[in-house]
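Submitted below is the structure of interest, expressed as structure tokens.
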Amino acid sequence: MDIDARIKRRRRRGGGPRLVEDYEALAPVTHLDEPSDRGPVLERLLDHLDPVFDGRLPPNAYVHGPRGSGKTAVVTALFGHLERLSTQTQSVIYTSTRAGSPSAPGFVYVDARETHSEFAFYHRVLDALVDERVPEHGVGTEEIRGRLHDRVDRSRGGVVVGVDHVGAPEDTEAERLVDLFAGLPSNASWLAIGRTPPGETALSEYTATTVHVEPYRRQVLVDVLMARASAGLARQALTHELARRIADWADGNAHDALAALFVATDRANRDGRDRLTPADVDAAIAEVPVPSVSLGRVLALPANKQLVLRELVDLDADERASVTATTDAVSAAVDLSAGTVKRYLYELAESGVVERVQAEQQHGKGRPPSRVELRFPPTAFRRLYDLRQE
DNA sequence: GATCCACGGGAATACACGGATG
DNA sequence: CATCCGTGTATTCCCGTGGATC
């Protein structure tokens with residue numbers, strides 16, 4: 001680690017007791033390389049991917065389960081390991097055969113929250129497969145798709161594309177994805193991950209396998225919390241008792257549990273304490289909305305939308321009394337036009353990041369305004385956002 | 001010069017209310 | 001009394017433009 005980072009860490013804790021060893025390790029959006037206690041799911045995913053170990057492609061698949069059940073945690077970890085294995089195998093083969101064509105399938109993880117357009121999707125997959133940088137401008141979608149086909153057709157093993165956070169069924173999301181997947185090379189198969197049960201999404205009509213992920217059981221969730229605490233907090237900072245308290249409340253949702261731990265930690269840290277108290281935990285639990293949108297989703301938003309949210313979390317009640325008032329307050333602080341800020345707010349409400357709550361109509365004239373309420377814990381967002389700006 | 005996409009801006013539509021109208 | 005209309009506000013929808021990048 002370089003000296004700057006060491007100094008920064010010292011300054012940040014200001015010589016007081018060091019509660020937080022590592023905010024990143026503690027963050028609800030971070031996934032550990034070895035997720036705890038998702039063994040059975042891992043086994044079923046490996047069963048599905050088994051053909052890979054004979055150099056063949058598995059069929060398409062759909063993984064589904066409720067919020068915070070560890071879908072992303074297990075898939076990112078698994079794909080990470082497989083990709084590492086794959087590149088190692090490739091280099092072995094590369095040195096022992098004359099052709100440079102790799103035989104082990106590649107594994108690419110794509111977060112649909114960050115790749116909205118067709119261009120972005122193919123770009124992401126191609127970028128993960130090749131060493132050279134893939135241009136983001138000046139070249140059309142078809143060109144990128146063509147390059148991707150070339151690259152994958154040349155490989156013998158093909159590629160498995162994992163697409164996480166695929167959307168709700170009502171919109172045309174499933175249709176769009178099917179088209180997107182149809183544009184992949186023939187030597188590719190996909191694994192989609194979402195919350196929608198298979199019967200309710202057209203996606204499952206194209207898959208041979210579906211894997212269901214169950215919510216965490218209470219004791220397992222306690223273990224998850226304790227593992228996080230030991231990765232990111234000072235020793236003894238989180239007691240078993242408090243972890244149980246969080247787990248009871250979170251009801252199997254690891255995201256919300258970790259968010260509560262994160263907020264509680266922030267509170268204790270601000271007060272200069274070196275361990276969490278029941279009051280910290282209670283306050284944190286009160287701050288996490290139910291239902292809440294995942295912080296990963298918030299932090300995957302375009303930069304300027306996050307900027308708007310960053311201002312929003314610092315506004316006081318009367319500045320949030322209506323969309324118009326909020327627009328005025330935010331656009332005064334930010335280099336965006338009022339029109340854009342307002343549109344953002346409506347779009348954020350549409351996607352569930354914030355919620356519009358209609359005011360009790362008071363001043364007779366006109367349609368009654370609605371105020372904007374957060375669907376995520378503001379303390380957690382504030383801290384994570386600020387950390388990422390450094 | 002080509003391309004993507006974030007912004008900006010404005011038109012169209014929805015909603016609430018009170019008063020006018022049949 | 002039921003319905004329509006005008007006004008004012010909120011919300012949704014759409015698309016052209018331009019910055020950034022290759």
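So you know, we letter chains A, B, ... as the sequences are listed, proteins then strands, and number each from 1. Nothing here was measured: the structure is a model prediction, and the numbers come from that model.
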Report task. For the side chain of A:Pro135, starting at C-beta, report the closest nucleotide among C:dT11, B:dC5, C:dC22. Result ->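 Given the options C:dT11, B:dC5, C:dC22, the side chain of A:Pro135 is closest to C:dC22.
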Query raised in the report: Are OP1 or OP2 of C:dA10 and a side-chain N or O of A:Ser370 less than 4.0 angstrom apart?
Result: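 The answer is no; no side-chain N or O of A:Ser370 sits under 4.0 Å from OP1 or OP2.
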Report task. Would you indicate what A:Ser117 reaches in the nucleic acid, counting non-hydrogen atoms under 4.0 angstrom: base, sugar-phosphate, or nothing? Result ->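 Sugar-phosphate: the residue A:Ser117, judged by heavy atoms under 4.0 Å, touches backbone atoms but no base.
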Requested in this report: Measure the distance from OH on A:Tyr122 to P on B:dC5 and round it to the nearest whole Å.
Outcome: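 For the pair A:Tyr122 OH and B:dC5 P, the rounded distance is 13 Å.
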Query - Cation-pi check, A:Arg176 onto A:Phe121 ring (under 6.0 Å, within 45° of axis) - result: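 Geometry flag: not set, cation outside 6.0 Å or 45°.
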Query raised in the report: Does A:Thr340 make a side-chain N or O approach to OP1 or OP2 of B:dA6 shorter than 4.0 Å?
Result: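 No, because none of the side-chain N or O atoms of A:Thr340 sits under 4.0 Å from OP1 or OP2 of B:dA6.
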Query raised in the report: Side chains of A:Thr379 and A:Asp266: donor-acceptor distance under 3.5 Å anywhere?
Result: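 Judged by distance alone, the side chains do not pair up.
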Query raised in the report: Would you call the rings of A:His64 and A:Tyr62 parallel, tilted or perpendicular, where under 30° means parallel and over 60° means perpendicular?
Result: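 Judged by the thresholds at 30° and 60°, the geometry between A:His64 and A:Tyr62 is parallel.
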Query raised in the report: What nucleic acid atoms does A:Gly140 come within less than 4.0 Å of, heavy atoms only: base, sugar-phosphate, or nothing?
Result: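 Result for A:Gly140 = sugar-phosphate.
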**Report entry** Exercise: do A:Thr72 and A:His165 side chains pair donor with acceptor under 3.5 Å
**Finding:**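 Distance-only check passes for A:Thr72 and A:His165.
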**Report entry** Any donor-acceptor pair under 3.5 Å from A:His255 side chain to A:Leu295 backbone
**Finding:**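 Flag set: sc A:His255 to bb A:Leu295 pair under 3.5 Å.
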**Report entry** salt bridge (Lys or Arg N to Asp or Glu O under 4.0 Å) partners of residues 282-296 of chain A, not counting sequence neighbours, each pair once
**Finding:**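 Sorted pair list: A:Arg245-A:Asp282.
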**Report entry** Closest to side chain of A:Ala120, choosing from C:dT11, C:dT21, B:dC5
**Finding:**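 Looking only at side-chain atoms, A:Ala120 lies closest to B:dC5.
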Query raised in the report: So which of residues 329-338 of chain A are in contact with DNA chain B, with a heavy-atom cut-off of under 4.0 Å?
Result: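 The stretch gives A:Leu336, A:Ser337 as the residues lying under 4.0 Å from the strand, ordered by number.
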Requested in this report: Looking at every strand, decide which applies to A:Arg356 at a 4.0 Å heavy-atom threshold: base, sugar-phosphate, or nothing.
Outcome: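 Counting heavy atoms under 4.0 Å across all strands, the contact made by A:Arg356 is with sugar-phosphate only.
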Query raised in the report: So what does A:Phe119 hit on the nucleic acid, given a heavy-atom distance under 4.0 Å: a base, only sugar-phosphate, or nothing?
Result: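 A:Phe119: backbone/sugar contact only, no base atoms under 4.0 Å.
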Query - Phosphate OP1/OP2 of C:dT9 contacted by A:Thr324 side-chain N/O (<4.0 Å) - result: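 No, because none of the side-chain N or O atoms of A:Thr324 sits under 4.0 Å from OP1 or OP2 of C:dT9.
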Query raised in the report: Whole Å only: how far is the CD atom of A:Glu114 from the P atom of B:dC5?
Result: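 That distance rounds to 14 Å.
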**Report entry** Donor-acceptor pair present, A:Arg367 side chain and C:dG8 base, under 3.5 Å
**Finding:**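 No, no donor-acceptor pair under 3.5 Å.
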Query raised in the report: Are A:Glu118 and A:Arg145 ion-paired here, with the side-chain N under 4.0 Å from a carboxylate O?
Result: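 Judged by the 4.0 Å cut-off on N to carboxylate O distance, A:Glu118 and A:Arg145 do not form a salt bridge.
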Report task. Could you pick out which residue, A:Glu347 or A:Lys342, lies toward the 5' side of DNA chain C when each is mapped onto its nearest nucleotide? Result ->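 Nearest-nucleotide comparison on DNA chain C picks A:Lys342.
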Query - Distance in angstrom units between A:Arg371 CZ and C:dT9 P, rounded - result: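 For the pair A:Arg371 CZ and C:dT9 P, the rounded distance is 21 Å.
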Query - Nucleotide nearest A:His137 (side chain, heavy atoms from C-beta), chosen from B:dC4, B:dA16, C:dC13 - result: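 Output: B:dC4.
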Query raised in the report: If only side-chain N and O atoms of A:Arg343 are considered, is one of them under 4.0 Å from the OP1 or OP2 phosphate oxygen of C:dC13?
Result: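 Answer is no, no contact under 4.0 Å.
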Query raised in the report: Are any of A:Tyr346's side-chain N or O atoms less than 4.0 Å away from OP1 or OP2 of C:dT12?
Result: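 No.
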